[in-house]
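Lettering of chains follows the sequences in order, A, B, ..., and the numbering in each one begins at 1.
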Amino acid sequence: MSVPILWYLLLAGALFAIGAFGALTRRSGIAVFLSIELMLNAANLTLVAYSRLLGDRTGQMLVFFALAVAAAEAAVGLALFIGIYRLRRTIDVGRMNLMRW
Amino acid sequence: MELAIFVLLAGTALGSAILVVFHRNPVSSTMSLVVTLVATAGLFLMLGSPFLAALQILLYTGAILVLFLFVIMLLNVRRERTIHSRAPGLTWGAAICSAIFAGATMRLFWAAYATAPTPPLDAEAFSLRAVARELFSTYLLPFEIIGLLLLVAVVAASWIAKRPGPGEPGEVP
Amino acid sequence: MTPSVLATAALMGVWLFTLINVTPIMLWLERRAPAFMQDRLGPNRLGPLGLFQAIADVLKFIFKEDVNPAGADRTLFLLAPTIGFVASLLTYLVIPFGPVVEIGGHSFPLVVIDSDNGMLMFLALASLSVYGLVLAGYSSNNKWSLMGGIRASAQMISYELALALSVLAALIPAGSLNLTRVVEHQVGHTLLGAIPAWGVFVQPLGFLVFLVAAFAETNRLPFDLPEAESELVAGYHTEYGGLRMALFYMGEYQSMAILSALASTLYFGGWTIPFVDITSVGAWIAGLPGVGDLIGTGLATALVGFTVLMVKTYAFLFFFIWVRWTFPRFRYDQLMRLGWKVLLPLALVNFIAIAALAVAGKV
């Protein structure tokens, strides 16, 4: 018996929610970043599930590009973390308050 | 059989996703994310795209997360005392919002696809050859743009992260 | 148990047995061969030719103390050698050691996973072994381990690019990621009508890049600064002793063996002997008096193919040892410069050249 596509979609929804919770709640910048990667992964899973459901390769193409963009984003984001650490000596997101009221 | 494998992979993915969010040590969080991504690659394989499964392991776990580990070690990110922000009510607020979001999307999916059967896998349409053909014909322009994007990202990352020279604000020499 | 499941299990058993046995054989070879190169004898006390030295080494590993460094993250500390050992065991699944054979009325290919995405899976699973080094370096709570771990993993991911590009170029003539097709292509074609179209003749530059990248991937001299005894105590496995250290050793030898088998498959014709048909050799062996009732043609062909592949693999492993005891070590910045500024452009040039030749129909 084949696994219904619905289960893949539900799993992706759960993963996304867990990632969103982490991104909103964690203090450490790295942990926020990891949660964002988790959300990206959940979106990729949804795309591949739809690609299978509709028999269309477009979903897989989008995931390919999403992976490449995620790589670029991770590189630049981590470089930013290094830069911030040099200036502020911390990557605690609660302390990034230069533009606060 | 396929059901058992799905339950195994999905359970692993969910369990380690929760660990990613709740570990206090950033290295442990990263390793949990590795497990999640490998489990997701397995799910990609089950959904009929071995190309993406291999790419996920090769790129995401083999390169991006290694970069994460490097930066964690470079910045000597410590184990946190608690994982929650000190803003009042943020933890519960975030938990409730995430739960509402998850519930809403799951309800939508359920309504739309509860009875949709999984179509049989068209091995020819999803084969590497077909994917490659499509990548280099229909999606040629985005492909080239991605190459340019990665070049820009590499240059930008190396520039931002380089050691500051004399006189620039930066770390103590 | 269906025949195909049984066949897969048998193939996996054969490969795992081979890979586990690489370590004792290499432990012995690594002592005796350099000894002769250096005009001395090497260990020759234990057993004939010192062959039981490996048993002595294993016993030594088992009886050593299990170190528990203070302040080390125990979970990651225990996880690192496991990842190092298991990750190098995942990649044998796509290497073939024979053509499609018929045993007991069923025909199946002599590779565990006969997939058209084989090489991609190989590269993906091979990239997981970085984590063993990084986690070992980090979790030991030791400056030298941390530095060794970061250096080792940076070295590995830098040379992975050159490795992947040279492998991709080696796949272009065959037009498939399936290693069985690659070997069949090398057998079926000849260059100038006389030499077999082995990868090493078609793309010598690619082979050179692959070889250097393979040395760097396995942290072998001349690229072993991360674990150099005189530089960083013992690098990322400073704090490991006994069986955990043995796991790292075995992981390193296993990935050497797998990369050697891959080099044989991509560049030296894999399980084939040039201008000789393996199946007819198998048939000849099965036709020998007394042998024919034990094994049929299929099994004999499998044995011949496996032996040929192992001979080539061990030739490469001997080459690994030979290079180790010949060259001095690269300094770390020289190593990184070589990987990024020399090997990567060479691999790209090779790839473009082979692709151009393929489009022109010459390859």
*Using the side-chain contact (heavy atoms from CB on, under 4.5 Å) rule, take C:L177 and B:F51 through it: C-alpha gap first, then chi angles, then the decisive distance, then the call.*
CA-CA 11 Å; C:L177 290 171; B:F51 176 59; over 6 Å; no
*Output every pair passing ring pair (Phe, Tyr, Trp, His ring centres under 6.0 Å) with a member in residues 152-172 of chain C, not counting sequence neighbours, ordered by first then second residue.*
C:Y159-C:F223
*If you count heavy-atom pairs under 4.5 Å between each of B:A54, B:G62, B:P50 and chain C, which one has the most?*
B:A54
*To the nearest 0.5 Å, tell me how far B:I57 CD1 sits from C:M121 CE.*
9.0 Å
*asked:* Rounded to the nearest 0.5 Å, what separates atom CG in C:N178 from atom CG in B:L128?
replied: 11.5 Å
*Not counting sequence neighbours, list each pair that qualifies as a salt bridge (Lys or Arg N to Asp or Glu O under 4.0 Å) and has a residue in residues 173-182 of chain C.*
C:R181-C:E184
*Pick one of side chain, backbone, both or neither for C:L120, based on which atoms fall under 4.5 Å of a heavy atom in chain B.*
both
*asked:* Please output the residues of residues 127-141 of chain C in contact with chain B, using a heavy-atom cutoff of under 4.5 Å, in numerical order.
replied: C:S127, C:L128, C:V130, C:Y131, C:V134, C:L135, C:Y138
*Drop me the distance from C:L76's CG to B:S28's OG, to the nearest 0.5 angstrom.*
4.5 Å
*Rounded distance [0.5 Å steps], CD1 in C:I150 versus CG in B:L69*: 9.5 Å
_Can you tell me which portion of B:L65 sits under 4.5 Å from chain C's heavy atoms? Options are side chain, backbone, both or neither._
both
*Please state whether the side chain, the backbone, both or neither of C:A154 comes within less than 4.5 Å of a heavy atom of chain B.*
both
*How many angstroms lie between CG in C:D116 and CZ in B:R129, if you round to the nearest 0.5 Å?*
7.5 Å
_Partners meeting side-chain hydrogen bond (donor to acceptor under 3.5 Å, both in side chains) with B:R107 (sequence neighbours left out)_ = none
